[in-house]
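Let me begin by presenting the structure, written as structure tokens, before commenting on it.
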Amino acid sequence: MGQETLRGFNTQLQDVEDRYSWINDMIKARQDLVLMYMKLLNLTPKGSTDITECYPSYEEVTSFCEHLIDYLSHGHFDLYPKIIELIENASGRSLSIAHRVLPRIEKTTEFLMRFSDLYAEDLNEKKMQSLKRDLEQVGKCLEQRFRNEDRLIIGLRLVHSIMKSH
């Protein structure tokens with residue numbers, strides 16, 4: 001791929017991001033959620049020999065659950081409908097991307113909601129002992145969700161790119 005092609009793509013990408021700055025807001029919210037998630041995991045830095053198991057505070061867990069629910073809700077009730085509407089309006093037809101991607105996102109929502117319901121309140125020692133194992137599943141689920149959200153954004157970028165070239 002030549003430099004001109006790369007420059008053209010970067011310009012188109014910037015146009016999309018300038019026009020739809022709320023995508024950047026979603027990415028920022030995603031990054032904040034990932035940082036909170038990593039803090040809950042209490043990862044030991046590479047090379048460290050400290051293997052002490054520490055639980056996050058109840059406040060950290062409930063705060064993560066609140067941010068998780070906010071992220072899920074914002075996606076479902078604001079961002080995804082907006083992205084799909086923009087894609088469909090620009091292309092003049094209903095795209096299969098919504099029919100393929102949204103059910104995958106919905107599966108992650110159901111799992112993440114169950115996690116939040118379990119850990120958002122009434123935390124006790126038994127729940128805290130299973131937190132790390134459950135967080136590993138949350139990480140896998142978030143990864144799937146982010147991948148599918150990216151597919152929606154890529155779809156929007158592609159439609160925007162095609163519409164600009166006509």
Side-chain angles (χ1 to χ4, degrees), residues 1 9-10 12-43 56 60-123 127-166:
M1 195 179 291
F9 178 75
N10 287 336
Q12 290 171 357
L13 180 60
Q14 190 62 47
D15 287 346
V16 171
E17 289 175 355
D18 289 345
R19 190 171 186 188
Y20 309 117
S21 62
W22 42 267
I23 291 174
N24 292 331
D25 296 340
M26 181 190 84
I27 292 168
K28 171 74 171 104
R30 179 192 288 185
Q31 290 169 340
D32 293 344
L33 187 64
V34 168
L35 288 174
M36 292 180 80
Y37 168 79
M38 297 299 283
K39 187 174 182 181
L40 285 182
L41 279 179
N42 194 24
L43 295 177
E60 290 171 321
V61 175
T62 56
S63 179
F64 174 75
C65 289
E66 288 170 8
H67 280 82
L68 180 62
I69 294 301
D70 288 347
Y71 184 84
L72 299 175
S73 298
H74 190 59
H76 277 282
F77 299 115
D78 188 33
L79 296 178
Y80 308 150
K82 193 181 294 185
I83 291 171
I84 291 167
E85 180 181 356
L86 288 167
I87 292 172
E88 290 178 349
N89 286 343
S91 68
R93 60 190 168 100
S94 177
L95 298 178
S96 64
I97 188 169
H99 301 294
R100 287 181 291 138
V101 174
L102 287 180
R104 294 175 188 164
I105 290 175
E106 185 60 38
K107 277 185 178 179
T108 66
T109 300
E110 292 168 9
F111 176 83
L112 295 168
M113 295 282 291
R114 284 193 306 271
F115 171 86
S116 180
D117 288 346
L118 180 62
Y119 287 101
E121 296 178 7
D122 301 322
L123 292 174
K127 282 185 182 180
M128 293 304 282
Q129 289 174 356
S130 64
L131 178 64
K132 191 160 193 134
R133 180 194 69 229
D134 290 346
L135 279 172
E136 290 172 5
Q137 296 303 310
V138 166
K140 291 175 185 175
C141 192
L142 286 173
E143 183 180 348
Q144 291 172 356
R145 182 184 194 87
F146 296 159
R147 195 175 308 122
N148 284 301
E149 288 175 345
D150 290 349
R151 287 181 177 125
L152 287 176
I153 294 168
I154 289 167
L156 178 59
R157 288 176 179 159
L158 288 173
V159 167
H160 180 82
S161 173
I162 291 168
M163 298 311 292
K164 276 192 86 164
S165 66
H166 284 102

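In this chain, residues are counted from 1 in sequence order. Basis for what follows: all heavy atoms, side chains included, without hydrogens, waters or symmetry-related copies.
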[atom1] of [X] to [atom2] of [Y]: how many Å apart, nearest 0.5 Å?
X: Gln137; Y: Arg114; atom1: CD; atom2: CZ; value: 11.0 Å
X: Leu152; Y: Arg104; atom1: CG; atom2: CZ; value: 10.5 Å
X: Leu112; Y: Gln144; atom1: CG; atom2: CD; value: 9.5 Å
X: Leu72; Y: Ile105; atom1: CG; atom2: CD1; value: 10.5 Å
X: Glu60; Y: Cys65; atom1: CD; atom2: SG; value: 12.0 Å
X: Thr109; Y: Tyr71; atom1: OG1; atom2: OH; value: 10.0 Å

Taking C-beta and beyond as the side chain, do [X] and [Y] meet within less than 4.5 Å on heavy atoms?
X: Met113; Y: Ile69; value: yes
X: Ser63; Y: Met36; value: yes
X: Trp22; Y: Ile27; value: no

Can you give me the closest heavy-atom contact between [X] and [Y], atom names plus distance?
X: Leu123; Y: Thr62; result: CD1-CG2, 4.2 Å
X: Val61; Y: Tyr119; result: CG1-O, 3.7 Å
X: Leu142; Y: Leu68; result: CD2-CD1, 4.1 Å

Salt bridge flag under 4.0 Å for residues Glu136 and Lys132: no
I'd like to know if Arg30 and Asp150 make a salt bridge, using a cut-off of under 4.0 Å between side-chain N and carboxylate O. yes
Under the criterion side-chain contact (heavy atoms from CB on, under 4.5 Å), I'd like the reasoning laid out for Val138 against Phe64: C-alpha separation, chi angles, the key distance, then a yes or no. CA-CA 12 Å; Val138 166; Phe64 174 75; 4.2 Å; yes
Whether over 12 other heavy atoms sit under 6.0 Å from Glu121 CD: no
Checking side-chain contact (heavy atoms from CB on, under 4.5 Å) between Thr108 and each of Lys140, Glu149, Arg145, which is the one that passes? Arg145
Does the ring centre of Phe115 sit less than 6.0 Å away from the ring centre of Phe111? no
Kindly say whether Asp70 contributes a backbone atom to a donor-acceptor pair with the side chain of Ser73 at under 3.5 angstrom? no
Run Ile84 and Leu102 through side-chain contact (heavy atoms from CB on, under 4.5 Å) and show every step you take. CA-CA 10 Å; Ile84 291 167; Leu102 287 180; 3.0 Å; yes
Show the numbers, then the answer: is there a side-chain contact (heavy atoms from CB on, under 4.5 Å) between Lys127 and Asp122? CA-CA 9 Å; Lys127 282 185 182 180; Asp122 301 322; 4.2 Å; yes
Yes or no on ring pair (Phe, Tyr, Trp, His ring centres under 6.0 Å) for His76 and Tyr80, after CA distance, side-chain angles and deciding distance? CA-CA 6 Å; His76 277 282; Tyr80 308 150; 5.3 Å; yes
